[in-house]
Participant: 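There's a structure below that I have some questions on.
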Amino acid sequence: MFKALDKWLLPCLCHPPPPRVAGLRHLLLCVCDHFELRHDTDAAGAHERLRDWENRFPASIQDFADDDGIKPRHTFFYPVEQYDASLLERLSRLCQQCGAEIEIHLHHDRDTAEGLRKKLELGKAQLREHGWLTQEESGAIRFGFIHGDWALDHSHPYGRHCGVMDELAVLRASGCYADFTMPSAPSPTQCRIVNQIYYAASNGRPRAFDHGEPVTVKPGAASRPRPGELLLVQGPLGLNWAWRKWGILPRLENGDLTGANPPQPHRLHIWERLWIHVQGRPEWGIVKLHTHGGIPRNYQMLLGEPMRAFHRLLRDRAQAGAWQLHYVTARELVNIIHAAEAGCTGNPGDYRNYRYPPPPALA
């Protein structure tokens, strides 16, 4: 947790507490999976890992539902540079069975803006062949994005794992509806803005995401993002004093679900305390978590008892009146964010398809 303290510690300490909410609150839970089935294995190993998901994921969520009657959601951000048609076909069938969705993950290095455009267009075409990615009424194909190795917008201090300083603009022009990379701490790529939903625009320099404008309720205002802007949806980042290193120092809470650090009550308490939300709509709290679900040590937790215990905890908290629970995919979460921005109120679950409709595979 001591890495990149200069970037994240002061913003975390200075982040204001969320405003008090009089009345009903809603908690939106989104799990974004850097789904790297080929991590430290070959094609045969990747297919074996996916078989574990096919055999266990449907049963792991069967007994749970949110206040809209929706079972736990999962968004697989598939690394398009590792495209495998047979893997995607099997993953597609799993998603259709469980209501999960597939978006774009990309690892690249020493790239150019034109090279990135070509990679994104190829990735979009490949996922569309399997029925994924949303399409606007205009016909434009939109996608959610997570950057490989955390190096969004050429943010690594040694220039690794990217190369494109105007990456935010390239992503938006290519159809990206939102980026879900952050938080990346303790990586030095971590953004200086924390626990926010905001718009950022390229400025010709690396790390343009260090500056931006929070998403705010503005009924009647012109639709955003504007040309060149990208919506950035961050997960929680803070200090965990309930689970201390050496019994003294607080550990870093960054929303990462791992086999060594599964979701537990003390972590949920931090996510509730940070209560990320659209400014002006504090009753809709956002908990965007991330994981690497293609790695066995992590998916044993995701598909096993630790995750089921977490769903029971969420159900108990909702039944006790802490909030209403809403499981959402990345696309559904962004739709709800834009609905909040436009001044919509009430049950956020009503706005899952507010701007971006379901992909053809789920339609």
Participant: Are H266 and W271 close enough that their ring centres sit under 6.0 Å apart?
Facilitator: no
Participant: Whether R224 and E213 form a salt bridge (side-chain N of Lys/Arg under 4.0 Å from carboxylate O of Asp/Glu) is what I want to check.
Facilitator: yes
Participant: So, for G293 and L302, which heavy atoms are closest and what is the spacing to 0.1 Å?
Facilitator: CA-CD1, 3.8 Å
Participant: Do the side-chain N and O atoms of H292 and H39 include a donor-acceptor pair separated by under 3.5 angstrom?
Facilitator: no
Participant: Hey, do the aromatic rings of Y177 and F143 have their centres closer than 6.0 Å?
Facilitator: no
Participant: For the backbone of G255 and the side chain of E253, can you confirm whether one donor and one acceptor N or O come within less than 3.5 Å of each other?
Facilitator: yes
Participant: Are L230 and L133 linked, directly or through other ILVMFWY residues, by side chains that come within less than 4.5 angstrom of each other?
Facilitator: yes
Participant: Out of the candidates W53, F35, Y299, only one should pair with H74 under the ring-ring contact (aromatic ring centres under 6.0 Å, His included) rule; please name it.
Facilitator: W53
Participant: Work out which heavy atom in N254 is nearest to a heavy atom in P186; give both atom names and the distance.
Facilitator: ND2-CD, 4.1 Å
Participant: Salt bridge between D210 and R207, side-chain N to carboxylate O under 4.0 Å?
Facilitator: yes
Participant: Is it true that the side chains of S86 and H47 contain a donor and an acceptor less than 3.5 Å apart?
Facilitator: yes
Participant: Thinking salt bridges, do E229 and R172 make one under a 4.0 Å N-O criterion?
Facilitator: no
Participant: Under a 4.0 Å threshold between the charged nitrogen and the carboxylate oxygen, would R90 count as salt-bridged to E54?
Facilitator: yes
Participant: Between R73 and E101, is there a side-chain N and carboxylate O pair less than 4.0 Å apart?
Facilitator: no
Participant: Validate the cation-pi geometry between R25 and W275: distance from NZ or CZ to the six-membered ring centre under 6.0 Å, angle to the ring axis within 45°.
Facilitator: yes
Participant: If hydrophobic clusters are built by linking Ile, Leu, Val, Met, Phe, Trp and Tyr wherever their side-chain heavy atoms come under 4.5 Å apart, do L257 and I61 end up in the same one?
Facilitator: yes
Participant: Nearest heavy-atom pair of F209 and L152: which atoms, and what distance?
Facilitator: CE2-O, 3.0 Å
Participant: Just verifying a value: how many Å separate S187 OG and H161 NE2, rounded to the nearest 0.5 Å?
Facilitator: 8.5 Å
Participant: Would T181 and D179 satisfy side chain to side chain donor-acceptor pair (under 3.5 Å), going step by step from the backbone distance to the final call?
Facilitator: CA-CA 6 Å; T181 303; D179 174 83; 2.8 Å; yes
Participant: Before accepting this row, confirm whether a basic side-chain N of the pair D68/R352 lies closer than 4.0 Å to the acidic partner's carboxylate O.
Facilitator: yes
Participant: Would you please indicate if the ring centroids of H290 and W150 are separated by under 6.0 Å?
Facilitator: yes
Participant: Any heavy-atom pair between the side chains of R355 and R142 that's under 4.5 Å?
Facilitator: no
Participant: Within the 4.5 Å heavy-atom criterion, are H154 and D166 side-chain neighbours or not?
Facilitator: no
Participant: Please report whether the ring centroid of H147 lies less than 6.0 Å from that of H108.
Facilitator: yes
Participant: Is the centre of the H311 ring less than 6.0 Å from the centre of the F64 ring?
Facilitator: yes
Participant: Under a plain distance cut-off of 3.5 Å, with no hydrogens placed, do E36 and H107 share a side-chain donor-acceptor pair?
Facilitator: yes
Participant: Can any side-chain N or O of W8 pair as donor or acceptor with the backbone N or O of G238 at less than 3.5 Å?
Facilitator: no
Participant: Are L88 and L37 connected into the same hydrophobic cluster when the rule is that any two of I, L, V, M, F, W, Y join if their side-chain heavy atoms are below 4.5 Å apart?
Facilitator: yes
Participant: Would you say S184's side chain and Q190's backbone share a donor-acceptor pair under 3.5 angstrom?
Facilitator: yes
Participant: With a 4.5 Å heavy-atom cut-off, do I197 and I286 have their side chains touching?
Facilitator: yes
Participant: Under a 4.0 Å threshold between the charged nitrogen and the carboxylate oxygen, would E121 count as salt-bridged to K124?
Facilitator: yes
Participant: Taking all non-hydrogen atoms of both residues, which atom of P262 and which atom of G259 are closest, and how far apart?
Facilitator: CD-O, 3.8 Å
Participant: So, do C30 and C32 sit near enough that their side-chain heavy atoms are less than 4.5 Å apart?
Facilitator: yes
Participant: Are C12 and L239 close enough that some pair of their side-chain heavy atoms sits under 4.5 Å apart?
Facilitator: no
Participant: Does the distance from a Lys or Arg side-chain N to an Asp or Glu carboxylate O, for R331 and E103, drop under 4.0 Å?
Facilitator: no
Participant: Okay, side chain of S202, backbone of A169: is any donor-acceptor separation there less than 3.5 Å?
Facilitator: yes
Participant: Is there a continuous path of hydrophobic side-chain contacts, each under 4.5 Å between heavy atoms, that joins L27 to L237?
Facilitator: no
Participant: Can the ring centroids of F145 and F180 be said to lie less than 6.0 angstrom from one another?
Facilitator: no
Participant: Answer with yes or no whether the side chains of Q62 and R308 bring together a donor and an acceptor at under 3.5 Å.
Facilitator: no
Participant: Looking at D111 and C162, would you say the former's side chain and the latter's main chain have a donor-acceptor pair under 3.5 Å?
Facilitator: no
Participant: Mind checking whether F57 and Y327 sit in one hydrophobic cluster, side chains of I, L, V, M, F, W, Y counted as touching below 4.5 Å?
Facilitator: yes
Participant: Donor-acceptor pair, distance only, cut-off 3.5 Å: does the side chain of H130 make one with the backbone of W132?
Facilitator: no
Participant: Within this structure, what is the CG-CG distance for the pair D316 and L313, rounded to the nearest 0.5 Å?
Facilitator: 6.5 Å
Participant: For the atom pair CG (L122) and CZ (R117), what is the distance rounded to the nearest 0.5 Å?
Facilitator: 15.5 Å
Participant: Can you confirm whether P282 sits close enough to P18 that some side-chain heavy atom of one is under 4.5 Å from a side-chain heavy atom of the other?
Facilitator: no
Participant: For Y354 and Y351, take the angle between the two ring planes, folded into 0 to 90°, and tell me which bin it lands in: parallel under 30, tilted 30 to 60, perpendicular over 60.
Facilitator: perpendicular
Participant: Which heavy atom in P357 sits nearest to a heavy atom in T134, and how many Å separate them?
Facilitator: O-OG1, 2.6 Å
Participant: Looking only at the side chains, is there a donor atom on one of E341 and H338 sitting less than 3.5 Å from an acceptor on the other?
Facilitator: yes
Participant: Has the side chain of S155 got a donor or acceptor atom that lies under 3.5 Å from a matching backbone atom of D153?
Facilitator: no
Participant: Are the side chains of L106 and E81 in touch, meaning some heavy atoms are under 4.5 Å apart?
Facilitator: yes
Participant: Side chains of Q234 and Y198: closer than 4.5 Å at any heavy-atom pair?
Facilitator: yes
Participant: Under the 3.5 angstrom rule, does the side chain of R110 hit a backbone N or O of G163 as a donor-acceptor pair?
Facilitator: no
Participant: Are R281 and E283 ion-paired here, with the side-chain N under 4.0 Å from a carboxylate O?
Facilitator: yes
